[in-house]
> 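Could you have a look at this structure, given as structure tokens, before my questions?
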Amino acid sequence: MKSKIASVLAVAALLGSVGSAAAFPRVVTDLAAFRSGPGLGFLPILAVPPQTVVEVRGHIGGWSRVFYAGKIGFIADSLLARPIIVRPVVTSVVVAPAPAVAVTPVVAVAPAPVAAPVGLITAPLRIFE
């Protein structure tokens with residue numbers, strides 16, 4: 001009777017640790033075997049290449065229950081890492097206002113008419129005629 005109670009409690013604890021309300025992404029760090037169950041005794045379904053993002057839906061011991069390629073399987077926790085989220089760095093460029101340039105108004109002054117000096121020839125000269 002004690003062994004039945006222990007078995008029921010072990011199964012309940014196992015199911016409680018598998019269930020996860022929220023799925024979260026993880027990145028595969030090395031070539032990983034996507035297994036049918038949580039352990040090396042379970043057959044690999046396929047190989048997951050490094051840098052692949054998988055969706056973790058729970059944990060059992062040192063294994064993560066993941067969704068990948070339309071299937072549910074298990075990958076060792078040691079082969080999964082949190083994805084690095086690179087957010088753009090926003091820099092603001094502050095442009096200083098241009099210094100005020102003192103503008104002096106330009107006054108147009110008409111030249112005063114100059115009278116021709118007396119005694120000079122004002123007609124055009126024809127030197128080579």
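Note that the structure is predicted; figures quoted are calculated from it, not measured. All residue numbers refer to positions in the sequence shown, counting from 1.
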> What is the distance from atom CD of Q51 to atom CG of L31, rounded to the nearest 0.5 Å?
12.0 Å
> Locate the shortest heavy-atom distance separating I75 from A33; write the atom from each residue and the value.
CG1-O, 3.9 Å
> Which heavy atom of G61 sits nearest to which heavy atom of D77, and what is that distance?
O-OD2, 3.7 Å
> For the hydrophobic clusters of this structure (ILVMFWY residues joined by side-chain heavy atoms under 4.5 Å, transitively), does one cluster hold both V48 and I45?
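Yes, because V48 and I45 connect within a single hydrophobic cluster, where side-chain heavy atoms sit under 4.5 Å apart.
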> Can you tell me how far CD1 of I72 sits from OG of S36, rounded to the nearest 0.5 angstrom?
13.0 Å
> How many angstroms lie between OH in Y68 and CZ in F34, if you round to the nearest 0.5 Å?
8.5 Å
> Treat each ILVMFWY residue as a node, draw an edge where side-chain heavy atoms are under 4.5 Å apart, and state whether F24 and V66 are in one component.
yes
> Between W63 and L40, does a side chain to side chain contact (heavy atoms under 4.5 Å, CB included) hold up when you go through it step by step?
CA-CA 10 Å; W63 296 83; L40 297 175; 4.1 Å; yes
> Do you know which two heavy atoms are closest between P50 and T29, and how far apart they sit?
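Of all heavy-atom pairs spanning P50 and T29, the closest is CB-O, 4.1 Å.
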> Could you give me the CA-CA distance, side-chain angles and deciding distance for L80 and V28, then say whether side chain to side chain contact (heavy atoms under 4.5 Å, CB included) is met?
CA-CA 5 Å; L80 298 176; V28 177; 3.9 Å; yes
> Quick one: does NZ or CZ of R57 land under 6.0 Å from the six-membered ring centre of F67, within 45 degrees of the ring axis?
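Cation-pi check for R57 and F67: passes.
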> Of the non-hydrogen atoms in P83 and P25, which two are nearest, and what is the gap between them?
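So the minimum-distance heavy-atom pair works out to CD-O, 3.5 Å.
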> Please round to the nearest 0.5 Å and tell me the distance separating atom OG1 of T52 and atom CG of L79.
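Nearest 0.5 Å value for the OG1-CG distance: 12.0 Å.
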> What's the separation between atom CZ in R82 and atom CZ in R26, rounded to the nearest 0.5 Å?
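The CZ atom of R82 sits 5.0 Å away from the CZ atom of R26.
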